[in-house]
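Please read the structure below before turning to the comments.
Below, each value reflects all heavy atoms present in this structure, side chains not excepted, and no hydrogens, waters or symmetry copies. Sequence lines set the chain letters: A, B, ... in the order given, protein chains first and strands last, and positions in each chain run from 1.
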Amino acid sequence: MPEVTMSNTEELNELMRVRREKLQELRDHGIEPYGNKYEATDYTQGIVENFEKYDGKNVKLAGRIMAKRGHGKASFANLQDMTGGIQVYGRLNDLGEEAYEMYEKLDIGDIVGLEGSVFKTRRGEVTVSITDIVLLSKSLRPLPEKWHGLKDVDLRYRQRYVDLTVNPEVRKTFVIRSNIVKEIRKHLEGLGFLEVETPMMHPIAGGAAARPFVTHHNALDMELFLRIAPELYLKRLLVGGFDKVYEINRSFRNEGISTRHNPEFTMLELYQAYGDIEDMMELTENLVSSIAQKVLGTDKVQYEDQEINLAAPWKRLPMLDAVKEYSGLDFNSIHTDEEARGKAKGLKLEINGNESWGDILNLVFEEFVEPKLIQPTFILDYPVEISPLAKRKKDRPELTYRFELFIYGREMANAFSELNDPIDQKQRFENQLKKRDAGDDEAHMMDEDYIQALEYGMPPAGGLGIGIDRLVMLLTNTQSIRDVILFPQMKPRD
RNA sequence: GAGCCAUUAGCUCAGUUGGCAGAGCACCUGACUUUUAAUCAGGGUGUCCCAGGUUCGAAUCCUGGAUGGCUCACCA
């Protein structure tokens, strides 16, 4: 058992030094400040919400002391557990001198187990009158202030445990996140999807246009990439006969950090054999609106200054129509790459001179249309050059059966009828390689094994990806992706 | 990666023209057996982010750096 020594106290501030002295004092009195298992019978929320059922009953609770109000020979405190908090009340008469002294000397932040009977105070607050209390963990650091909580966002993300302890709305956000993921699984299970796990370390980083993280396997002496998307592995499973698969996957992209980007993020990807993009739109509408209903109890959600109506069906708008509507440019009457670039210059868009018709269409779309798409909108028919894994439209081969879903101007989902023609797919990869050679290090890599898989035959399929972090942001009305990721990436201090 | 802004007690924040470092909460001592942002009396606990510079004197002005936030770029 370590003793408190001069060498480790002299660096501590007053508050921490006092707590270490209390710790030693407890041990001197034969009280172990770090206890063992405690079997609670109830959680605080259940008692507060069902007082009539609990009135006069004996309960055992475990949690953290969050506030103290001493009154001499009787003292109030607040106990917080996973579900919420409750007031507790200890009296010298009930506890005896030794236990009462320990109770009175508890610090905010200490973790205790206690037993007592439920009653209501004169002022109407549900309270547990303590008959027995045991210290389970002595807290040696002061918690942030009860009234303002922890606001410094840097500290909140670096010390999420403190953030969760003192900011109830943060705790609520992560409970909602957990419920969203749970409901996604339930929904997909109900539709007959199989949850699978595919590699996170890829010899070829495929399935998306993004820069990967690179790592090294020592025993195999080979370079590996952290996955940027699970797509190509999941579609190999379609080849293998798993007709409905999904993966709730962590993927990694070696790019800038912002309020909407974390280097590791969570996506839902699913594939449905013998389906197409129409099935994906229906599935997306139903999935998102029913999750909102189940998790929030409504499909009308407030996000920042807008009420978003998630009730299906959602607006469907071909990209060409959307661009025409918001920018005035009709790409149906623009026929060459050069002409398209000229129009982009006319709109003062920055271009490098290598863009194709489809690249420019997408640029104009991002600039003029995306921010306007507040209510859920499926944008359809993406150009083939920016959709190397999507099936070409039958009547317009320069476009694909692809949609992206936008809500509040943000991309929330991406889906297509999957390209299952191995010869076309190989050509698409080769075009991507040309882009790579031209210096685009986010262009797709060639994946020969994936081509080989397609050559065995992949059923026609619809595929869908949904950004879970962004969905959670929408449903929790949070403004930064860091508010929905428990431990967002931060630069180390010093 | 670029621009703008921020960093002062454990936490939330003031700090005037460059002139002794402040408040609330928390904490410590005492009083108080149904309080609840408990109350009452007393107590200030500090590497003013770091390193230089200007100055009689710097939390304050200047230069460089660190970390963070926002915007932009890249992307989902």
*Roughly, in whole Å, what's the span from NZ in A:Lys68 to P in B:C28?*
7 Å

*Do A:Thr121 and B:U36 have a side chain to base donor-acceptor pair shorter than 3.5 Å?*
yes

*Contact class for A:Asn262 vs. all strands (heavy atom < 4.0 Å): base, sugar-phosphate, or nothing?*
base

_OP1 or OP2 of B:U7 under 4.0 Å from side-chain N/O of A:Lys151_ = no

*Does A:Tyr382 have A:Arg402 sitting over its ring (NZ/CZ under 6.0 Å from centre, angle to axis within 45°)?*
yes

*Give a yes or no on this: more than 12 heavy atoms of other residues, nucleotides or ligands lie within 6.0 Å of atom CE of A:Met82.*
no

*How is A:Gly256 classified with respect to the nucleic acid when contacts are heavy atoms under 4.0 Å: base, sugar-phosphate, or nothing?*
base

*Could you tell me whether A:Leu155 contacts a base, only the sugar-phosphate backbone, or nothing, with contacts defined as non-hydrogen atoms closer than 4.0 Å?*
sugar-phosphate

*Give a yes or no on this: more than 12 heavy atoms of other residues, nucleotides or ligands lie within 6.0 Å of atom CZ of A:Arg141.*
no

*asked:* With a 3.5 Å cut-off and heavy atoms only, can you find an N or O donor on one side and an acceptor on the other between the side chain of A:Asn93 and the base of B:U33?
replied: yes

*Mind checking A:Gly149 for me? I need base, sugar-phosphate or nothing, with any heavy atom below 4.0 Å counting as a touch.*
sugar-phosphate

_Sugar-phosphate only, base, or nothing, as touched by A:Arg156 at under 4.0 Å among non-hydrogen atoms_ = nothing

*asked:* Taking the basic N atoms (NZ, or NE/NH1/NH2) and the acidic carboxylate oxygens, is any pair closer than 4.0 Å for A:Asp152 and A:Arg156?
replied: no

*asked:* Once you apply a heavy-atom cut-off of 4.0 Å, does A:Lys73 come out as touching a base, just sugar-phosphate, or nothing?
replied: base

*Select from A:Pro142 and A:Lys105 the residue whose nearest nucleotide in RNA chain B is closer to the 5' end of that strand.*
A:Pro142

*What does A:Leu150 touch in the nucleic acid at a heavy-atom separation under 4.0 angstrom: a base, only the sugar-phosphate, or nothing?*
sugar-phosphate

*Grab the CD1-P distance between A:Ile257 and B:A73 for me, whole Å please.*
17 Å

*Just call it for A:Ala67: base, sugar-phosphate, or nothing, with non-hydrogen atoms closer than 4.0 Å on any strand.*
nothing

_NZ/NE/NH1/NH2 to OD/OE distance under 4.0 Å, A:Glu247 and A:Arg227_ = yes

*Short side-chain N/O contact to B:U35 OP1/OP2 from A:Arg122, under 4.0 Å*: yes

*Would you mind classifying the nucleic acid contact of A:Glu411 as base, sugar-phosphate or nothing, using non-hydrogen atoms under 4.0 angstrom?*
sugar-phosphate

*Using a 4.0 Å heavy-atom cut-off across all strands, classify A:Thr259 as base, sugar-phosphate, or nothing.*
sugar-phosphate

_Residue met sooner reading RNA chain B from 5', once A:Gly70 and A:Ile108 are mapped to nucleotides_ = A:Ile108

*Hey, does the side-chain of A:Glu14 have a donor or acceptor N/O within less than 3.5 Å of a partner on the base of B:G44?*
no

*B:A41 and B:C32: how far apart are their C1' atoms, nearest whole angstrom?*
12 Å

